[in-house]
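Take a look at the structure below.
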Amino acid sequence: MSRSHATPLSAEVRARLFSHLAAMEQAGLPAQHAFAALELPAPWGRRLPTLLRHLAAGQDIASAGHMAGLFDAFETQLLRAAQSAGSPAWCYRRLADAYTRQAQRRARVKARLFLPAAVLAIALLVQPLPLWVSGALSLPGYLWTVLWPLLALAGVFYLGRTLGRRLRAARTPGLDALLLRLPGWGQLLARRKTRDFFESLGMLLAAGLPMLDALPKALDTLDNAALRETFGGLAAEVEGGGSLTSALRRLAFPGRTRVLGLLVAGEASGSLPELLLRHVAMESTALDDIDEQLAAWLPRLLYAVLALWMIHTLLGGGAFLPQLPDELR
């Protein structure tokens with residue numbers, strides 16, 4: 001498999017992909033024409049000719065997209081079920097909305113972190129300045145003092161990102177359980193992952209999959225091994241004759257009270273997928289509010305700490321204070 005084919009699509013690219021497909025499906029264009037009119041950035045754009053070849057050979061949209069590396073396993077299962085039930089337009093729109101929300105959240109965080117990053121760059125430039133002004137540092141020494149923290153931070157970021165990807169791929173229960181126990185962050189992580197699980201389950205059920213088929217597929221979208229263990233027994237209990245509500249009553253998870261209330265109503269009225277997705281919508285709104293608050297306050301704390309460090313360094317260095325002649329010291 002080539003590197004470009006192995007690279008997963010980013011949230012921004014997925015949002016663009018499914019928004020385009022939703023618009024084309026709503027306009028009544030055949031899949032061949034819809035994908036032919038699609039433009040994706042490199043390296044993902046190079047997968048489109050492969051997809052078109054699979055479509056021309058008679059493959060359905062879900063299978064062609066999966067073989068070309070544009071759809072992941074969950075998207076493939078969801079679209080295949082939606083195609084069997086009729087038009088996949090609502091699936092395209094739902095996926096587009098989910099990925100757009102994810103991309104916007106990341107964009108907000110990046111935008112809010114720009115100012116702390118700028119303050120850090122200024123701090124690194126200013127911190128060794130008193131030593132350079134006093135002659136204790138040469139120009140090459142000053143430049144190295146400025147650059148090495150940046151290089152170290154870049155290395156730490158790269159290693160952390162690589163390690164994070166490998167740990168997510170390994171799905172280690174012990175580490176995932178530890179992450180869930182972190183003060184503040186753990187509860188937020190569990191809440192977000194649980195929301196994603198119910199969203200996957202609701203979409204699969206809405207696409208027409210039976211509960212016993214939908215539960216394992218929704219469970220497979222959970223990338224936290226500890227939560228996978230928490231929800232892992234649901235399919236067996238439902239297969240044994242229990243309802244989803246009774247199976248979930250035995251578990252502890254974020255949003256449990258609201259989910260159970262909606263599930264009771266959904267199972268009684270036959271509108272379980274709609275009520276699950278309603279819970280997801282309410283939970284997404286609440287999480288977006290939390291993200292907005294974090295995006296507003298965390299950067300402020302960061303650049304406040306950096307500003308205090310700069311002031312301390314300038315005052316402690318003494319380069320800009322009056323200096324006594326050597327003979328008077």
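Computed from a predicted structure; not experimentally measured. Numbers here simply count residues along the sequence, with the first being 1.
Side-chain contact between D223 and R228 is absent, with no heavy atoms from C-beta onward closer than 4.5 Å. Between V13 and P41, the closest side-chain pair of non-hydrogen atoms falls below 4.5 Å. Between V238 and L215 there is a side-chain heavy-atom pair separated by less than 4.5 Å. Counting heavy atoms from C-beta on, the side chains of I61 and L21 never come closer than 4.5 Å. D176 has its side chain out of reach of K193: every pair of non-hydrogen atoms, C-beta onward, lies at least 4.5 Å apart. Between F197 and V280, every side-chain heavy-atom pair lies at or beyond the 4.5 Å cut-off. Looking at heavy atoms from C-beta onward, L78 lies out of side-chain contact with F71 at the 4.5 angstrom threshold. Counting heavy atoms from C-beta outward, K217 and S200 have side chains that stay 4.5 Å or more apart.
Pairs engaging residues 248-285 under the ring pair (Phe, Tyr, Trp, His ring centres under 6.0 Å) rule: F198-F253, F198-H279, F231-F253 [sequence neighbours left out]. Evaluation of the side chain to side chain donor-acceptor pair (under 3.5 Å) test over residues 31-41, restricted to residues two or more places apart or in two chains, returns none. Pairs passing the salt bridge (Lys or Arg N to Asp or Glu O under 4.0 Å) check and including a residue from residues 242-261, sequence neighbours excluded, read E237-R250, R258-E283.
Proximity of a side-chain donor or acceptor of E267 to a complementary backbone N or O of L244 within less than 3.5 Å is detected. With hydrogens and angles disregarded, a donor-acceptor distance shorter than 3.5 Å links the side chain of S246 to the backbone of S243. The backbone N or O of G65 sits nowhere less than 3.5 Å from a side-chain atom of H54 that would complete a donor-acceptor pair. Checking side-chain atoms of Y142 against main-chain N and O of L125 turns up a donor-acceptor pair under 3.5 Å. For T221 (side chain) and A218 (main-chain N/O), a donor-acceptor pair under 3.5 Å exists by modelled atom type.
Here the closest non-hydrogen pair linking D72 and T76 is O-OG1, 2.8 Å. Shown here for G202 and P273, the closest heavy-atom pair between the two residues is O-CB, 3.8 Å. In terms of heavy atoms, N224 sits closest to L227 at OD1-N, 3.0 Å. What you find for P88 and L79 is that their closest heavy atoms are CB-CD2, 4.4 Å. Closest heavy-atom contact between P8 and W44: O-NE1, 3.3 Å. Between E25 and A89, the shortest heavy-atom distance links the atoms CG-CB, 3.4 Å.
Atom CH2 of W132 sits in a sparse spot, with 12 or fewer heavy atoms from other residues, nucleotides or ligands closer than 6.0 Å. In R105, the CZ atom is crowded: over 12 heavy atoms of neighbouring residues, nucleotides or ligands sit closer than 6.0 Å. Other residues, nucleotides and ligands contribute at most 12 non-hydrogen atoms within 6.0 Å of the CD atom of Q26.
Under a 4.5 Å side-chain heavy-atom criterion applied to ILVMFWY residues, the cluster that includes L275 comprises L262, M282 as well.
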#### Entry: CA sep, side-chain torsions, deciding dist, call: L204, L201, side chain to side chain contact (heavy atoms under 4.5 Å, CB included)
CA-CA 5 Å; L204 289 166; L201 179 60; 5.5 Å; no
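Here R16 pairs with nothing under the salt bridge (Lys or Arg N to Asp or Glu O under 4.0 Å) rule; sequence neighbours left out.
In this structure, W90 is not a member of the same hydrophobic cluster as L276, with clusters built from ILVMFWY side-chain heavy atoms closer than 4.5 Å.
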List the atom pairs, donor and acceptor, that lie under 3.5 Å between side-chain atoms in residues 94-102 and the rest of the protein, sequence neighbours left out.
| residue | atom | partner | partner atom | Å |
| --- | --- | --- | --- | --- |
| Y99 | OH | E75 | OE2 | 2.4 |
| T100 | OG1 | A96 | O | 2.6 |

